[in-house]
S.K.: 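Following this message is one structure expressed as structure tokens.
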Amino acid sequence: MTSGPLKIAVAGLGTVGTGTLKVLETHARSLERLSGRQIVVSAVSARTRDKGRSVAVDGFSWYDDAVVMAADADAEVVVELIGGSDGIAKQVCEAAIFAGRHVVTANKALIAEHGTALARAAEAAGVSLSYEAAVAGGIPIVKALREGLAANGLSRVYGILNGTCNYILTAMRESGRTFDEVLEEAQSLGYVEADPAFDVDGIDAAHKLAILAALAFGCEVDFGSVHIEGIRRISPLDIRFADELGYRIKLLGIASLTEGGLEQRVHPCMVPVQAAIASVEGVFNAVVADGDFIDTLMQVGRGAGEGPTASAVVADLVDIARGHITPTFAVPAPALKRVAPASMNRHWGAFYVRLMVVDRPGVFADIAAIMRDHDVSMESVLQHGRDPGEIVPVVMTTHETEEAAMTGTIKSIKSLDVVVEPPCLIRIESFGPPMARG
Ligand SMILES: NC(=O)c1ccc[n+]([C@@H]2O[C@H](COP(=O)([O-])OP(=O)(O)OC[C@H]3O[C@@H](n4cnc5c(N)ncnc54)[C@H](OP(=O)(O)O)[C@@H]3O)[C@@H](O)[C@H]2O)c1
């Protein structure tokens with residue numbers, strides 16, 4: 001039986017680190033009642049000791065070197081809140097595990113890229129590697145997949161996994177502005193990092209998706225196999241056409257076990273407006289799990305920020321204080337399956353295609369012939385009015401088809417001299433209530 005306070009050492013005192021200290025202070029009493037032990041910060045480390053911080057850290061032992069702290073501090077748990085998939089963050093976690101200390105982290109890049117190896121090391125050392133805060137911040141999806149849904153065979157897990165992208169797409173739709181205009185405004189308001197690439201190019205969502213897939217399917221984390229596309233090429237025109245066709249454009253991460261292997265993809269999707277996930281707007285995240293006994297579960301909440309992320313870090317600490325330690329990815333690390341990645345070429349789905357073409361007789365017949373030659377069947381076509389000789393948008397949606405057929409179709413369409421811009425291709429996903437299809 002464990003007794004006495006749970007001593008923790010915190011590496012990183014930025015947004016999440018200081019947030020965690022605030023939650024621990026604000027709810028010290030109730031956390032003690034919940035876990036049966038006080039949770040006490042014994043040591044901290046950050047890059048710059050004399051930096052002004054929104055919480056007082058003078059009362060804690062200070063370490064200039066977070067790796068030394070992880071190895072030496074008087075603490076049962078090391079909380080890694082520095083960030084980055086390699087370098088110092090990884091060294092801190094490895095040192096803590098080697099010293100027999102539990103690790104709590106919010107670091108999705110680290111878990112996505114090194115999760116399997118770290119899980120093996122942690123479980124061999126008999127310590128916990130906890131990372132609730134790494135996926136969708138305030139949404140307790142890791143615990144839900146690892147514990148609450150244990151009775152289910154899960155077939156698919158997907159969601160809106162990046163609040164920045166969802167905010168940008170929502171603002172574009174509401175204001176009619178371009179991606180660049182909304183991004184610039186979001187940066188000036190401090191909603192988005194100066195370098196937004198991780199967010200808008202889909203990498204952050206892919207990190208989270210790879211973790212969700214490992215948890216849902218009991219397989220090794222395979223970030224390298226995630227198909228990733230971001231939202232930079234989404235235009236106000238496509239958002240308007242989506243509206244007209246009854247869709248919302250969302251950046252989704254989708255993982256499923258298919259006959260061809262593990263399919264993991266992050267890309268913009270057309271989602272029917274009546275699907276529950278279509279109504280998740282702004283900075284909110286959503287994660288959906290499809291299971292054989294629950295049907296569908298959707299959790300919605302704030303995916304980032306000081307409060308939601310710290311809330312998840314502290315929930316992990318409460319589990320450890322209670323002595324509730326589970327395998328990192330639900331299945332013990334040595335038993336995690338290695339599932340071959342499914343080829344994106346074999347992906348099966350419907351598509352939205354927007355072409356900018358010179359309005360000339362016969363254009364449409366040429367496009368239709370190319371689609372027929374690739375065995376792609378059209379579901380609908382939208383063209384507003386005629387403007388002979390001018391450049392006009394033509395929008396088509398297809399019935400379900402293989403990705404490779406669509407890629408071939410687009411390649412041939414691109415080579416037509418009347419097509420003046422690279423076609424815009426967006427996959428259509430049919431979640432929730434079935435899509436109205438012909
Ligand atoms: N922010 C969010 O909303 C959010 C949400 C989910 C997950 N996360 C994850 O949480 C982690 C932390 O994110 P954050 O937003 O809190 O980052 P942050 O505000 O940039 O803070 C990073 C902290 O790490 C410290 N640090 C940097 N290099 C260090 C080193 N060599 N040794 C010791 N400390 C070092 C910094 O020290 P100084 O303060 O002295 O510079 C700073 O306190 C990341 O893995 C991130 O992906 C963040």
Side-chain angles (χ1 to χ4, degrees), residues 9-23 41 43-57 60-73 78-96 103-115 118 129-142 161-167 186 190-199 203-208 210-212 223 283-285 287 301-316:
V10 180
L13 297 170
T15 306
V16 186
T18 54
T20 299
L21 298 185
K22 285 179 203 165
V23 174
V41 180
V44 294
S45 176
R47 194 168 27 199
T48 315
R49 183 167 191 173
D50 54 8
K51 191 170 177 176
R53 307 199 186 266
S54 57
V55 285
V57 294
F60 314 127
S61 300
W62 174 272
Y63 283 81
D64 282 327
D65 187 333
V67 182
V68 172
M69 180 180 78
D72 292 351
V78 173
V79 185
E80 184 281 302
L81 302 172
I82 295 172
S85 62
D86 291 272
I88 185 88
K90 183 163 174 265
Q91 290 165 29
V92 164
C93 294
E94 288 170 343
V103 171
V104 173
T105 180
N107 192 335
K108 50 234 161 183
L110 175 77
I111 300 295
E113 301 218 18
H114 304 291
L118 287 171
L129 172 62
S130 308
Y131 53 91
E132 184 66 73
V135 185
I139 303 177
I141 189 62
V142 173
L161 302 174
N162 184 275
T164 301
C165 288
N166 207 37
Y167 168 83
Y191 296 164
V192 178
E193 302 286 326
D195 176 8
F198 252 54
D199 289 321
I203 298 157
D204 175 77
H207 282 146
K208 296 168 190 169
I211 298 171
L212 289 174
F223 167 69
V283 295
F284 279 84
N285 285 19
V287 186
R302 290 185 185 275
E306 179 183 301
T309 314
S311 156
V313 169
V314 173
D316 280 343

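First listed ligand is number 1; within each ligand, the first listed atom is number 1. All residue numbers in this chain count up from 1 along the given sequence.
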S.K.: Please evaluate residues H114 and D86 with respect to the criterion side chain to side chain contact (heavy atoms under 4.5 Å, CB included), reporting the C-alpha separation (whole Å), side-chain torsions for both, the decisive distance (0.1 Å), and the verdict.
M.R.: CA-CA 9 Å; H114 304 291; D86 291 272; 2.8 Å; yes
S.K.: For residues A95 and A70, report the shortest heavy-atom separation together with the two atoms involved.
M.R.: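 Heavy atoms only, the tightest pair is CB-CB, 4.0 Å.
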S.K.: Kindly check if the number of other-residue, nucleotide or ligand heavy atoms within 6.0 Å of CZ (R302) is above 12?
M.R.: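 Open.
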S.K.: Using non-hydrogen atoms of the residue, decide whether R53 is closer than 4.0 angstrom to ligand 1.
M.R.: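 Flag set, R53 near ligand 1.
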S.K.: Do any N/O atoms on R47 end up under 3.5 angstrom from N/O atoms on ligand 1?
M.R.: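 Among all N and O atoms of R47, at least one is under 3.5 Å from an N or O of ligand 1.
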S.K.: Let me know which of V142, V103, V104, L118 forms a side-chain contact (heavy atoms from CB on, under 4.5 Å) with Y131.
M.R.: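 Passing option: V142.
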S.K.: Could you say whether the N/O atoms of G84 and ligand 1 ever approach to under 3.5 Å?
M.R.: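 No.
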S.K.: Please round to the nearest 0.5 Å and tell me the distance separating atom CG of L129 and atom CD of E80.
M.R.: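 The CG atom of L129 sits 10.0 Å away from the CD atom of E80.
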S.K.: Which residue supplies the protein heavy atom nearest to atom 5 (C) of ligand 1, what is that atom called, and how far is it?
M.R.: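 Checked against all protein heavy atoms, atom 5 (C) of ligand 1 sits closest to T309 OG1, 3.2 Å.
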S.K.: Which residue supplies the protein heavy atom nearest to atom 14 (P) of ligand 1, what is that atom called, and how far is it?
M.R.: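 Checked against all protein heavy atoms, atom 14 (P) of ligand 1 sits closest to V16 CG2, 3.9 Å.
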S.K.: Distance check, rounded to the nearest 0.5 Å: H207 atom NE2 versus L212 atom CG?
M.R.: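 Taking NE2 in H207 and CG in L212, the distance rounds to 13.0 Å.
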S.K.: Within the 4.0 Å heavy-atom shell around G83, which atoms of ligand 1 are there?
M.R.: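 By the 4.0 Å cutoff, the relevant atoms are 44 (C), 45 (O).
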S.K.: Look up atom NZ in K108 and atom CG in D204, then write down how far apart they are to the nearest 0.5 Å.
M.R.: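 Atom-to-atom, K108:NZ and D204:CG are 4.5 Å apart.
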S.K.: Within ligand 1, which atoms have a heavy atom of L81 less than 4.0 Å away?
M.R.: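 Matching atoms, with element in brackets: 12 (C), 22 (C), 23 (C), 24 (O).
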S.K.: From the options A46, G138, A66, G307, select the one whose nearest heavy atom is closest to atom 34 (N) of ligand 1.
M.R.: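 It is A46 whose heavy atom sits nearest to atom 34 (N) of ligand 1.
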S.K.: Please report which non-hydrogen protein atom sits nearest to atom 9 (C) of ligand 1, along with the residue it belongs to and the distance in Å to one decimal place.
M.R.: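 Checked against all protein heavy atoms, atom 9 (C) of ligand 1 sits closest to A106 O, 3.2 Å.
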S.K.: Write out the residue and atom name of the closest protein heavy atom to atom 38 (P) of ligand 1, then the distance separating them to 0.1 Å.
M.R.: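 Of every protein heavy atom, K51 NZ, 3.4 Å lies nearest to atom 38 (P) of ligand 1.
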S.K.: Quick one: which ligand 1 atoms are inside 4.0 Å of a heavy atom on T48?
M.R.: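 The atoms of ligand 1 under 4.0 Å from a heavy atom of T48 are 40 (O).
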S.K.: Considering only heavy atoms of A133, which atoms of ligand 1 have at least one such atom less than 4.0 Å away?
M.R.: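 With A133 as reference, the close atoms of ligand 1 come out as 6 (C), 7 (C).
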S.K.: Determine the sole option in L110, I111, N107 for which the side-chain contact (heavy atoms from CB on, under 4.5 Å) test with C93 is passed.
M.R.: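 Exactly one option meets the side-chain contact (heavy atoms from CB on, under 4.5 Å) with C93, and it is L110.
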S.K.: Give me the nearest non-hydrogen protein atom to atom 25 (C) of ligand 1 as residue plus atom name, then the distance to 0.1 Å.
M.R.: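 Of every protein heavy atom, G12 CA, 4.0 Å lies nearest to atom 25 (C) of ligand 1.
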S.K.: Between F284 and I139, is the side chain to side chain contact (heavy atoms under 4.5 Å, CB included) condition met? List the steps.
M.R.: CA-CA 10 Å; F284 279 84; I139 303 177; over 6 Å; no
S.K.: For the backbone of V16 and the side chain of T20, can you confirm whether one donor and one acceptor N or O come within less than 3.5 Å of each other?
M.R.: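 Yes, the answer is positive, given that a donor and an acceptor are paired below the 3.5 Å cut-off.
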S.K.: When L13 is tested against each of I82, L81, V55, L21 for side-chain contact (heavy atoms from CB on, under 4.5 Å), which residue passes?
M.R.: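 Exactly one candidate clears the test, L21.
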S.K.: In terms of side-chain geometry, is the basic nitrogen of K22 or E306 positioned less than 4.0 Å from the acidic oxygen of its partner?
M.R.: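 Salt bridge present between K22 and E306.
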S.K.: Using the side chain to side chain contact (heavy atoms under 4.5 Å, CB included) rule, take N166 and N285 through it: C-alpha gap first, then chi angles, then the decisive distance, then the call.
M.R.: CA-CA 8 Å; N166 207 37; N285 285 19; 5.9 Å; no
S.K.: Under 3.5 Å, N or O to N or O, is I88 touching ligand 1 that way?
M.R.: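 No; the residue has no nitrogen or oxygen that sits under 3.5 Å from a nitrogen or oxygen of the ligand.
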S.K.: Between ligand 1 and A11, can you find any atom pair, the residue atom being a heavy atom, that is separated by under 4.0 Å?
M.R.: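 It does not, in that no heavy atom of A11 comes within the 4.0 Å cut-off of ligand 1.
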S.K.: Among all protein non-hydrogen atoms, which one is nearest to atom 26 (N) of ligand 1, and what is the separation to 0.1 Å?
M.R.: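 Protein heavy atom with the smallest distance to atom 26 (N) of ligand 1: I82 CG2, 3.8 Å.
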S.K.: Starting from atom 43 (O) of ligand 1, what is the nearest protein heavy atom, named by residue and atom, and what distance separates them?
M.R.: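 Scanning the protein heavy atoms, the shortest distance from atom 43 (O) of ligand 1 goes to L13 N, 2.8 Å.
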S.K.: Determine if the distance from atom 20 (O) of ligand 1 to the closest protein heavy atom is below 4.0 Å.
M.R.: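 For atom 20 (O) of ligand 1 the answer is no, since every protein heavy atom stays at 4.0 Å or beyond.
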S.K.: Are any of the N/O atoms in A134 less than 3.5 Å from those in ligand 1?
M.R.: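 It does not: no N or O of A134 is found under 3.5 Å from an N or O of ligand 1.
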S.K.: Could you find the nearest protein heavy atom to atom 42 (C) of ligand 1 and give me its residue, atom name and distance?
M.R.: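 I find the closest protein heavy atom is G14 N, 3.7 Å.
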S.K.: Only heavy atoms of K108, strictly under 4.0 Å: list the atoms of ligand 1 that pass.
M.R.: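 Counting atoms of ligand 1 from 1, those under 4.0 Å from K108 are 6 (C), 7 (C), 8 (N), 47 (O).
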S.K.: Can a non-hydrogen atom of G305 be found less than 4.0 Å from any atom of ligand 1?
M.R.: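 A heavy atom of G305 does come that close to ligand 1.
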